[in-house]
Asker: 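Below: one structure in structure tokens.
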2 protein chains.
Amino acid sequence: MKKKSDSAKWSETETQAWIGLVKAQQHLIDKVEEELKKAGYPQLSWYDVLWELESSKDGSLRLNDIGKKVILDKYNVTRLVQRLENEGLVSRSQCPVDGRGIFACITDKGRKLRRRMWQVYEKVVRENFLCKYNKKELHEFRNFIERIQASRLSDSA
Amino acid sequence: MKKKSDSAKWSETETQAWIGLVKAQQHLIDKVEEELKKAGYPQLSWYDVLWELESSKDGSLRLNDIGKKVILDKYNVTRLVQRLENEGLVSRSQCPVDGRGIFACITDKGRKLRRRMWQVYEKVVRENFLCKYNKKELHEFRNFIERIQASRLSDSA
DNA sequence: CTATAGTAGTTGCATTTGCAACTACTATAG
DNA sequence: CTATAGTAGTTGCAAATGCAACTACTATAG
């Protein structure tokens, strides 16, 4: 009557679901990156930050909050925002209420770039992912995915 | 009667499915990496290569084939295998039939490490992903994922 | 056989990331 | 107010990755 951690045995379905998930997502992301580069645009991570800024009130966020939204360590946020600033895509400013805080604010140039990158991004995702499912299926798919998220959110709570 | 690329508008479900997929997978991978590190083991990419070797005939593969299996550019394969060799986890040898080819062959030490890493890896995936679904759901999930893969395979054909 | 194109793998250089230590500020305890 | 702990952001150094140029070999064309 043993039952130690021979949990090590996975069924075919389990393996395929996990490996499939990893490989499929990697492939999709690689494809997006590839197309962005081909079009002469910067990395997806730049897009992510620009997008978060654009969807925020005032087009600005504190570096710390950017880090949470795009899941990036703080030192990487510092540097990414630095690069964005060098390209004139965002501007930085001190937080008036918290002396430690730094705001990044998207510029017009940043907004324009994001919009152009979106053309490429959205096309890849539509043609390689969204188009594979009809409305009902996509809904189910989203529900499946949400279950993983659920545990993530409660983790950080 | 216009209909240019204002494909740019996504439904809520589309957005959530895509963003959810990306974030969920990123979270899962981060979690695996975190636990591996916490346990004092190397990166997931090391595991991937060791696993591919171990599941191959003779425990060996050509660098080129490793690259295809784990989706890594050739220069990264060279270096990753170099690191694995430095740690005594694989050994390298010339391919007898193709003078350009190099084989990497997993060592006993490599097999042992992979097995130990698997303990950690499998636990994270089970507790954060697999456990969210029953048999039937997992099956459906896999089928959803496979559709993305389908296009990937035909790409490289 | 010779020339030419293609493939496998490596390497130098620049960029990006991870880690740990650091500064500067805020929050809490006394 | 002072001390102490915690948070936001930065930076130096090491490791990893991307890119392009390179070597060495194989495959094809003539």
Side-chain angles (χ1 to χ4, degrees), chain A residues 26 29-49 52-53 60-87 89-105 156, chain B residues 26 29-49 52-53 60-87 89-105 156:
Chain A
Q26 185 185 356
I29 293 291
D30 285 355
K31 195 96 183 171
V32 173
E33 296 280 16
E34 181 188 326
E35 293 299 324
L36 284 174
K37 183 173 308 171
K38 202 178 291 178
Y41 295 134
Q43 284 192 305
L44 197 45
S45 58
W46 288 38
Y47 179 89
D48 290 337
V49 171
E52 292 298 345
L53 289 175
S60 65
L61 281 173
R62 284 188 49 175
L63 300 201
N64 195 29
D65 296 323
I66 295 176
K68 284 178 202 156
K69 301 241 189 206
V70 302
I71 317 187
L72 226 52
D73 295 285
K74 54 187 183 169
Y75 47 85
N76 282 325
V77 175
T78 297
R79 286 156 171 162
L80 182 43
V81 168
Q82 178 65 55
R83 283 171 230 146
L84 291 171
E85 191 182 29
N86 290 344
E87 298 297 326
L89 301 167
V90 308
S91 61
R92 291 159 39 111
S93 58
Q94 275 289 327
C95 174
V97 313
D98 186 337
R100 295 165 299 181
I102 303 283
F103 274 105
C105 182
S156 56
Chain B
Q26 184 184 356
I29 293 291
D30 286 354
K31 195 94 181 172
V32 173
E33 296 279 15
E34 183 188 325
E35 293 299 323
L36 285 175
K37 183 174 307 169
K38 201 178 293 177
Y41 296 134
Q43 282 193 307
L44 198 45
S45 56
W46 288 37
Y47 179 89
D48 290 338
V49 171
E52 292 298 345
L53 289 176
S60 65
L61 281 173
R62 285 189 48 176
L63 300 200
N64 195 30
D65 296 322
I66 295 176
K68 283 178 201 155
K69 301 242 187 205
V70 302
I71 317 187
L72 225 52
D73 295 285
K74 54 185 183 170
Y75 46 86
N76 282 325
V77 176
T78 296
R79 286 155 170 163
L80 183 43
V81 168
Q82 177 65 56
R83 283 171 231 143
L84 292 172
E85 191 183 29
N86 291 343
E87 299 296 326
L89 302 167
V90 309
S91 61
R92 292 159 38 111
S93 57
Q94 275 288 327
C95 173
V97 313
D98 185 338
R100 296 165 298 182
I102 304 283
F103 274 104
C105 182
S156 55

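Residue numbers begin at 1 in each chain, while the letters A, B, ... track the order of the sequences.
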Asker: What is the distance from CG of B:N86 to P of D:dA14, rounded to the nearest Å?
Answerer: 18 Å

Asker: Is there a side-chain contact (heavy atoms from CB on, under 4.5 Å) between B:S45 and B:L80? Walk through the geometry before answering.
Answerer: CA-CA 8 Å; B:S45 56; B:L80 183 43; 4.1 Å; yes

Asker: Heavy atoms only: give me the nearest A:L63-A:A104 pair and the separation to one decimal.
Answerer: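 So the minimum-distance heavy-atom pair works out to CD2-CB, 4.0 Å.
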
Asker: Let me confirm one number: the OG1-CG distance from B:T78 to B:L72, rounded to the nearest 0.5 Å.
Answerer: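 That separation rounds to 10.0 Å.
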
Asker: Can you tell me the distance, in whole Å, between the CD atom of A:Q43 and the C1' atom of D:dG18?
Answerer: 10 Å

Asker: Would you kindly compare B:L63 and A:N76 by the position of their nearest DNA chain C nucleotide and give the one closer to the 5′ end?
Answerer: B:L63

Asker: For A:V77 and A:K37, find the nucleotide of DNA chain D closest to each by heavy atoms; which residue's nucleotide sits nearer the 5' end?
Answerer: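 Its nearest nucleotide being more 5', the pick is A:V77.
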
Asker: Among B:K37, B:K31, B:K38, whose salt bridge (Lys or Arg N to Asp or Glu O under 4.0 Å) with B:E34 holds?
Answerer: B:K38

Asker: To the nearest angstrom, how far is A:E34 atom CD from D:dC19 atom P?
Answerer: 11 Å

Asker: For the CD1 atom of A:I66 and the CD1 atom of A:I71, what is their distance to the nearest 0.5 Å?
Answerer: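 It is 14.0 Å, given to the nearest 0.5 Å.
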
Asker: What's the CZ-P distance between B:R79 and D:dA16, to the nearest Å?
Answerer: 11 Å

Asker: For A:K74 and D:dG12, what is the distance between atoms NZ and P respectively, to the nearest whole Å?
Answerer: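 Going from NZ in A:K74 over to P in D:dG12 covers 16 Å.
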
Asker: Return whichever of A:G99 or A:S45 has its heavy-atom-nearest nucleotide of DNA chain C closer to the 5' end.
Answerer: A:S45

Asker: Using atom CD of B:Q82 as one end and atom P of D:dA15 as the other, report the distance to the nearest whole Å.
Answerer: 14 Å

Asker: Could you state the CG-C1' distance from B:D48 to D:dA16, rounded to the nearest angstrom?
Answerer: 16 Å

Asker: Looking at B:Q43, is its backbone amide N or carbonyl O close enough to the side chain of B:E33 to form a donor-acceptor pair, meaning the two atoms are under 3.5 Å apart?
Answerer: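 No, B:E33 side chain to B:Q43 backbone: no donor-acceptor pair under 3.5 Å.
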
Asker: In Å, rounded to the nearest 0.5 Å, how long is the span from CH2 of A:W46 to CD of A:E87?
Answerer: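 Here the interatomic distance stands at 4.5 Å.
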
Asker: Please state how far atom CZ in A:R83 lies from atom P in D:dG18, giving the value in whole angstrom units.
Answerer: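 It is 14 Å, rounded to the nearest whole Å.
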
Asker: So A:R62, base contact, sugar-phosphate only, or nothing? Heavy-atom distance under 4.0 Å.
Answerer: sugar-phosphate

Asker: Which is the 5'-most and which the 3'-most nucleotide of DNA chain C that has an atom under 4.0 Å from a heavy atom of chain B?
Answerer: C:dG6 to C:dC19

Asker: Can you list every salt bridge (charged side-chain N to carboxylate O under 4.0 Å, His left out) pair that touches residues 93-102 of chain A, not counting sequence neighbours?
Answerer: A:R62-A:D98, A:D98-A:R100

Asker: Nearest 0.5 Å, what's the CZ-CZ distance between B:R92 and B:F103?
Answerer: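 Rounded to the nearest 0.5 Å, the CZ-CZ separation comes to 12.5 Å.
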
Asker: What dot-bracket string describes DNA chain D from 5' to 3', counting Watson-Crick and G-U wobble pairs whose defining distances are under 3.5 Å, with [ ] for crossing pairs and | for pairs to another strand?
Answerer: ||||||||||||||||||||||||||||||

